[in-house]
Every structure is written in C-alpha cells, then in structure tokens.
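One-based numbering, in listed order, for ligands and for the atoms of each.
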Amino acid sequence: MKRIHQFASDNYSGICPEAWAAMAEANTGHEVNYGNDTWTQRATDAIREIFETDCEVFFVFNGTAANSLSLAALCQSFHSILCHELAHVETSECGAPEFFANGSKLLSLQGGEGKIDPAEIERAVNKRTDIHYPKPRALSLTQATETGTVYTPAEIKALAEAARKFGLRVQMDGARFANAIASLNVAPADITWRAGVDVLCFGGTKNGIGIGEAVVFFDRELARDFDYRCKQGGQLASKMRFLSAPWLGLLQDGAWLRHACHANAMAKLLEAGLRKISGVKISFPVQSNAVFANIPKPAEAELRARGWRFNTGGVTTGDSRLMCSWDTTPEDVAALVADVREVSA
Ligand SMILES: Cc1ncc(COP(=O)(O)O)c(C=O)c1O
C-alpha cells in the first residue's frame, strides 16, 4: 500500500507552505548573488531577532556541512571534539567533521537517554594530558538529542560550565532545535548563548524547509573567515536567496514554532497510542518529535509489508525510530497505531 505520510524520518516531509510561499516570492526578477541579497539580509536579521543578539549567520545546504564546518572553525587539526556516543557527528556524518577539521578527532562520551553526563567531560579531558593525545577543544551537544530527549536550560548550562572549565568551546547540533524550543517553551537564547553555547547549527530541513540549515555564531570572533570555509567546503550557494528566503517564511509569524509544536504533539499522540499495546515498549521519554519503540520483530515485518517505512536499529539496537513532521496528521498516527495493534495481537 502506498502511504502519503511516513514515520521513517522528519525529512520525508515536503516543504511547509510558509517556506514555499517565500521561495515563490523570491523567484521574481533578478537578485544579487552569493548571499549579498536582501532575502539573506532579512533572514539573518530574523534570526538575530529570535536569538535577541547580534549573532553572525551563514546559510548552508545541510546539517552535515553545518556541523562539520562549525566544528572545524573551533579546532585545529591536533584538537579533539567531545560528543555523545550516539551523536550524529559521530555516527552519521561519514567522518565529515574530522575531514573538514583536517583530522581533529571525535572522542565519544556516555550518558543516559542520549544526553551527555557532565562528569564525562572531566573524565575525557583528564584521561590523558600528554602530547600524544589530541587536545580537547570543543564539546558538541545535540538539541533535541538523537533519542528524542531534550536538555533543559540548566543541563546545558552545567555542560557548558564543565566545558569552559577546561577551555572547551561549545557547539550545538540543533537539527531539531525548533522541536526543543517547542518542548521547553523557553526563549531560544536561554538554551544557547545565555547558557554558554558558542555556535548553533539551527536546523531548517526538519522544521519544514526544503534544503538548508543556518550556522549561528554567538561568539562573532569564532566566525572570522567562516565565509571562506563555506566557499571552500562547497557551501556557498550562488543563488543564496533560495536558501535564505524559506527561512524568512518559516520564522516570520512563528511558523517554525507552530510546526515544531505540531510535530511534537503528534509524537505524544503516537506515544499514547503505542503505550496501550501490549508487547510494545517505549524506549525513551518522548520530549520532541521522535518516538522510539521496541516492537516485536514479526510485528515490525508485518508493518513493513503493510507499507510502513521506519528505521530500526539506526540509533539504538532493537528500537524502531518513529519520527513526526510538521505535516503528520492525527489520522496518520491513528492509522499506524491501528496497524501496530493489529499486527501485535
Ligand atoms: C541530530 C542530527 N544532526 C544533523 C542532521 C543533519 O544531517 P544532514 O546532513 O542529512 O542534513 C541530522 C539528520 O538526520 C540529525 O538527525
């Protein structure tokens, strides 16, 4: 059966109407190239307004580039980057952070529910201090995390303080930053620069944009020559307005938060439905748009035979990751829950 909406990833969804309308509006007449256009200026200003600070903003094509280039901006080749063992930069970016940082090594940290345990920072830094060990220089946090949990402002502050104690800079992979804000209901500044984050990779794709993420430097000094890094890394769009205009559409009038709140609410609905099915176990607190569920193997196979697409074992062994998007409907959720119930009977 061909299904219109799936739960395999939040990037299965299309472009939200607000981003689409801004793209269409940008598609009239000629504009200056390489980011020197009015759309890029307005989108940058919109991000500054949301974060209540005069940050430096760069629009790039995807999250791997945003993470890799921002980490490269913090490190020299002999440095190391601390991150959770499940972090996307560690597990799913094909070594791009190490590649773009010319060999900086990722060191993985432990912590329950996808969150770094602050004590792990001290352990990793003090594990070795000799010349033969790559010098720890950056901490990378994912917000919302790869398991769908969300760091509180206090947790981020504690991690940033622990990092600062050892001279580490703090980068945040915010592929699902909007979902985290929707979940916490705090000001974006409260979980970024006010909590000690130096640079954020602000995710647009999973929030409803077609292509693109924004790299937001709160410490402007770290952004020095980042435009050259983007160009060299193949991330300077010549028709930049088509990367930036959708951001303006998304950010204006709060569409980004509406969509994130909706996706989170659909995840809650899915969780509630699945919790009523015996044999199905929810693996992590549902705090954003992800539901991790342990579904018996024969039931999983039957769901796939019924046309459902979802990933199992990608982040954690055995769990199926079910992602909700800006356009997931209560009917989609009900249909999946009904099928899980039937195949689990
Ligand atoms: C936590 C996280 N970070 C970053 C990304 C961005 O990856 P991509 O390079 O596919 O845009 C993803 C996408 O799945 C992600 O889940």
Query raised in the report: With a 3.5 Å cut-off and no angle check, do the side chains of Glu31 and Thr38 form a donor-acceptor pair?
Result: yes
Report summary line: Among Asp173, Thr91, Asn62, the residue with a heavy atom nearest to atom 1 (C) of ligand 1 is Asp173
**Report entry** Numbered atoms of ligand 1 (with element) below 4.0 Å of Glu146, judged on heavy atoms
**Finding:** 1 (C)
Query raised in the report: Do Thr64 and ligand 1 have an N or O pair less than 3.5 Å apart?
Result: yes
Requested in this report: For the residue pair Phe226 and Phe217, categorise the inter-ring angle as parallel (less than 30°), tilted (30 to 60°) or perpendicular (more than 60°).
Outcome: perpendicular
**Report entry** Min N/O separation Lys206 to ligand 1 under 3.5 Å
**Finding:** yes
Report task. Apply the test side-chain contact (heavy atoms from CB on, under 4.5 Å) to residues Val280 and Val340: give CA-CA distance (whole Å), side-chain angles for both, the deciding distance (0.1 Å), then the verdict. Result -> CA-CA 9 Å; Val280 173; Val340 177; 3.9 Å; yes
Query raised in the report: Just checking, any donor-acceptor pair under 3.5 angstrom between side chains of Glu300 and Ser320?
Result: yes
Query - Lys127, NZ atom: more than 12 neighbouring heavy atoms under 6.0 Å - result: no
Query raised in the report: Under 3.5 Å, is there a donor-acceptor pair between the Asn11 and Thr205 side chains?
Result: no
Query raised in the report: Should the proximity of Thr142 to ligand 1, defined as any heavy atom under 4.0 Å, be assigned to the side chain, the backbone, both, or neither?
Result: side chain
Query raised in the report: Which of these, Arg176, His88, Glu213, has its nearest heavy atom closest to atom 7 (O) of ligand 1?
Result: His88
Query - Those atoms of ligand 1 less than 4.0 Å from some heavy atom in Ala175 - result: 2 (C), 3 (N), 4 (C), 5 (C), 15 (C)
**Report entry** Gly63-ligand 1 polar pair, N/O distance under 3.5 Å
**Finding:** yes
